[in-house]
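Read the numbers this way: they start at 1 and go in the same order the structure lists the ligands and their atoms. What you see is a predicted model, and the numbers here were worked out from it, not measured in a lab. The figures here come from the full heavy-atom set of this structure, side chains too, leaving out hydrogens, waters and symmetry mates.
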Amino acid sequence: MGRYDLALIGFGGVNRALAELISQSGERLARELGFALRVVAITDLRAGSLVDPDGIELAPLLATEPGELSFAGLAGGSADPRNESVIREVPADIVVEATFTNPTDGEPALSHVRWALESGKHVCTTNKGPVALAGRALKQLAAERDVSFEFEGSVLSGTPILRTAERMFGGLEITGVQGIMNGTSNYILGRLEEGIELPAAIAEAQNLGYAEADPTADIEGHDVQLKVMILANEVLGADLRREDVFCEGISAITPNEVRDAARKGLRWKLVGSATRHEDGSVDARVAPLALPAHHPLAGISGPLNAVAFHTDLLGTVTVCGPGAGRIETAYALLSDIIAIHQRHSDDDTAPTRPVLQETHRV
Ligand SMILES: NC(=O)C1=CN([C@@H]2O[C@H](COP(=O)(O)OP(=O)(O)OC[C@H]3O[C@@H](n4cnc5c(N)ncnc54)[C@H](O)[C@@H]3O)[C@@H](O)[C@H]2O)C=CC1
Ligand SMILES: N[C@@H](CC=O)C(=O)O
């Protein structure tokens, strides 16, 4: 059985959940999937960097509270994240990028992805910044290096929205997408309806692992703006920049408005949409809408999200599932690794190492 060695960049909620999955269920997954997973490097802004080409023992790291974790003083550890040298030099097969999403320029995640692809490593990421702002260039770079760039978790966490569109909609013309694409704001709107105040609802979404490190992106719609760009670019063949997508979040909606609307049978939802016109141009926007109860998106509650695809032959096809959550998003990374395996299992980049490859420390 082969094995993939992983470098985890960012060790917050999502990558820790992936490490937990590997630590607790690695043997079952290996039996089921036909390949093993091993973590050989971890970097994190707060914890530093840790490299062990023989495989990092994950259990002690996972037993430490996230805020108390430090790699300084461990063998192969450093207080400094050392992202570039780790990404370029550690002999990992796959770089798993899950640092903060930066909606303005995608950095530093964009550089992390670029360094990995330049060094001939596959990349999977849940980070929306690089995908939305430079997806086309990164896919081109990946193709030139014959490696994969996978990003299922960048839209609707582990719910396979991008892969469904890519693999299951062959022969269909998709004319538009409309959906609820942010777990945090959807959770918050539901809690406001239940009488919870905004700051408390935000704190709950943070504790549950749904919110961005800076939840402004969730509240002001920038997170959905990036997801609409990704969907429009991937599914509708657009090449949207951020300024092309009108964006209004939920911050101007008061708890009273949410409750008044509910009494009238309306539900406030933050809706992202993109429509392709006959001339090929694509309009996209993000804005809150008070939806009537019979609208298909009105019943999508809490961290659940949904995207409706408008197609020529099937009419509307809606995919619904978790839009946020640490474990759910870690599953997106696993699904990306499976996609990498499926794509490369017949070629040289498939895991072929029953024994450890030659290694060096950074
Ligand atoms: N949590 C969720 O439900 C989902 C998250 N995402 C995306 O996945 C990514 C990770 O999300 P979470 O783990 O929830 O976030 P998080 O905030 O829990 O973790 C991010 C980690 O990255 C580290 N980090 C930040 N900048 C870094 C740098 N320059 N070098 C090394 N480490 C750095 C931080 O110290 C932190 O530990 C984000 O981009 C987020 O937008 C995507 C879908 C769902
Ligand atoms: N903060 C985001 C996480 C997933 O992208 C959300 O709440 O949807």
*Do any nitrogen or oxygen atoms of Thr101 come within less than 3.5 Å of a nitrogen or oxygen of ligand 1?*
yes
_What I'd like to find out is whether the side chain of Val245 reaches to under 4.5 Å of the side chain of Cys247, using heavy atoms alone._
no
*Short N or O distance, Ala213 and ligand 1, threshold 3.5 Å exclusive*: no
*Is the backbone N or O of Ala19 less than 3.5 Å from a side-chain atom of Ser23, with the two atoms forming a donor-acceptor pair by type?*
no
*Examine Asp44 against ligand 1 and note whether any of their N/O atoms are separated by less than 3.5 Å.*
yes
*Could you find the nearest protein heavy atom to atom 31 (C) of ligand 1 and give me its residue, atom name and distance?*
Leu45 N, 3.2 Å
*asked:* Checking a contact table here: which protein heavy atom is nearest atom 4 (C) of ligand 2, and how many Å away?
replied: Lys227 NZ, 3.4 Å
*asked:* One thing to verify: whether Asp146 and Arg343 come together as a salt bridge, which I'm taking to mean a side-chain N less than 4.0 angstrom from a carboxylate O.
replied: yes
*Indicate, as side chain, backbone, both or neither, the part of Glu328 found under 4.0 angstrom from ligand 1 when only non-hydrogen atoms are considered.*
neither
*Would you please determine whether Ser157 falls within less than 4.0 Å of ligand 2 on a heavy-atom basis?*
no
*Does any non-hydrogen side-chain atom of Lys227 lie less than 4.5 Å from one of Ser154?*
no
*State the atoms of ligand 2, each with its element, that fall below the 4.0 Å cut-off from a heavy-atom position in Gly323.*
4 (C), 8 (O)
*Quick check: does any side chain N or O of Thr175 sit under 3.5 Å from a backbone N or O of His310, one acting as donor and the other as acceptor?*
yes
*Do Thr254 and Asn256 have side-chain N/O donor and acceptor atoms under 3.5 Å apart?*
no
*asked:* Suppose we measure from atom 44 (C) of ligand 1 to each protein heavy atom; which comes out shortest, and what is that distance?
replied: Thr329 OG1, 3.1 Å
*Near Gly325, which atoms of ligand 1 are under 4.0 Å from a heavy atom of that residue?*
2 (C), 3 (O)
*Side-chain heavy atoms under 4.5 angstrom apart, residues restricted to Ile, Leu, Val, Met, Phe, Trp, Tyr: same cluster for Val177 and Leu240?*
yes
*Side chains of Ser78 and Asp80: is there a donor and an acceptor less than 3.5 Å apart?*
no
*Among all protein heavy atoms, pick out the one at the shortest distance from atom 15 (O) of ligand 1; state its residue, atom name and that distance to 0.1 Å.*
Gly13 N, 4.5 Å
*asked:* With a 4.0 Å cut-off on N to O distance, would you call Arg191 and Glu194 a salt bridge?
replied: yes
_For atom 7 (O) of ligand 2, what is the closest protein heavy atom, and at what distance to 0.1 Å?_
Thr184 OG1, 2.6 Å
*Which residue supplies the protein heavy atom nearest to atom 22 (O) of ligand 1, what is that atom called, and how far is it?*
Thr99 CA, 3.4 Å
_Under-4.0 Å salt bridge between Asp93 and Arg38_ = no
_Test item: Ile253 and Leu192 side chains (from C-beta on) under 4.5 Å apart, heavy atoms_ = no
*Hydrophobic cluster membership, Phe11 vs Leu21, 4.5 Å side-chain cutoff*: yes
*Shortest protein heavy-atom distance from atom 40 (C) of ligand 1, along with the residue and atom involved*: Glu212 OE1, 3.5 Å
*Are Arg88 and Glu118 close enough for a salt bridge, meaning some N to O gap below 4.0 Å?*
yes
*Starting from atom 29 (N) of ligand 1, which protein heavy atom do you reach first, and at what distance in Å?*
Pro108 CG, 3.4 Å
*Leu314 and Met168: same hydrophobic cluster, using ILVMFWY side-chain contacts below 4.5 Å?*
yes
*Under 4.0 Å to a heavy atom of Glu212 - the qualifying atoms of ligand 2, by number*: 1 (N), 2 (C), 3 (C)
*Please determine, by modelled atom types, if Thr101 and Asn127 share a side-chain donor-acceptor pair under 3.5 angstrom.*
yes
*Give a yes or no on whether atom 18 (O) of ligand 1 lies under 4.0 Å from any heavy atom of the protein.*
yes
_Under 4.0 Å to a heavy atom of Tyr210 - the qualifying atoms of ligand 2, by number_ = 1 (N), 2 (C), 3 (C), 6 (C), 7 (O)
*Ignoring angles and geometry beyond distance, decide whether Lys128 reaches within less than 3.5 Å of ligand 2 through its nitrogen or oxygen atoms.*
yes
*Using a strict 4.0 Å cut-off to heavy atoms of Ala324, name the atoms of ligand 1 that fall inside it.*
3 (O)
*Can you list the ligand 2 atoms lying under 4.0 Å from a non-hydrogen atom of Asp218?*
1 (N), 2 (C), 6 (C), 7 (O)
*Among Thr126, Asn305, Thr125, Thr43, which one has a heavy atom closest to atom 42 (C) of ligand 1?*
Thr126
*asked:* Quick test: of every protein heavy atom, which one is nearest to atom 30 (N) of ligand 1, and how far off is it to 0.1 Å?
replied: Asn83 ND2, 2.9 Å
*Please write down residue, atom name and distance for the protein heavy atom closest to atom 8 (O) of ligand 2.*
Gly183 N, 2.7 Å
*asked:* At less than 4.0 angstrom from any non-hydrogen atom of Gly153, what atoms of ligand 1 do you find?
replied: 42 (C), 43 (C)
*Looking at atom 14 (O) of ligand 1, what's its closest protein heavy atom, distance included?*
Val14 CG2, 3.7 Å
*Using 4.0 Å as the upper bound for N to carboxylate O, is an ion pair formed by Glu234 and Lys139?*
yes
*For ligand 1, which atoms sit closer than 4.0 Å to a heavy atom of Gly209?*
1 (N), 2 (C), 3 (O)
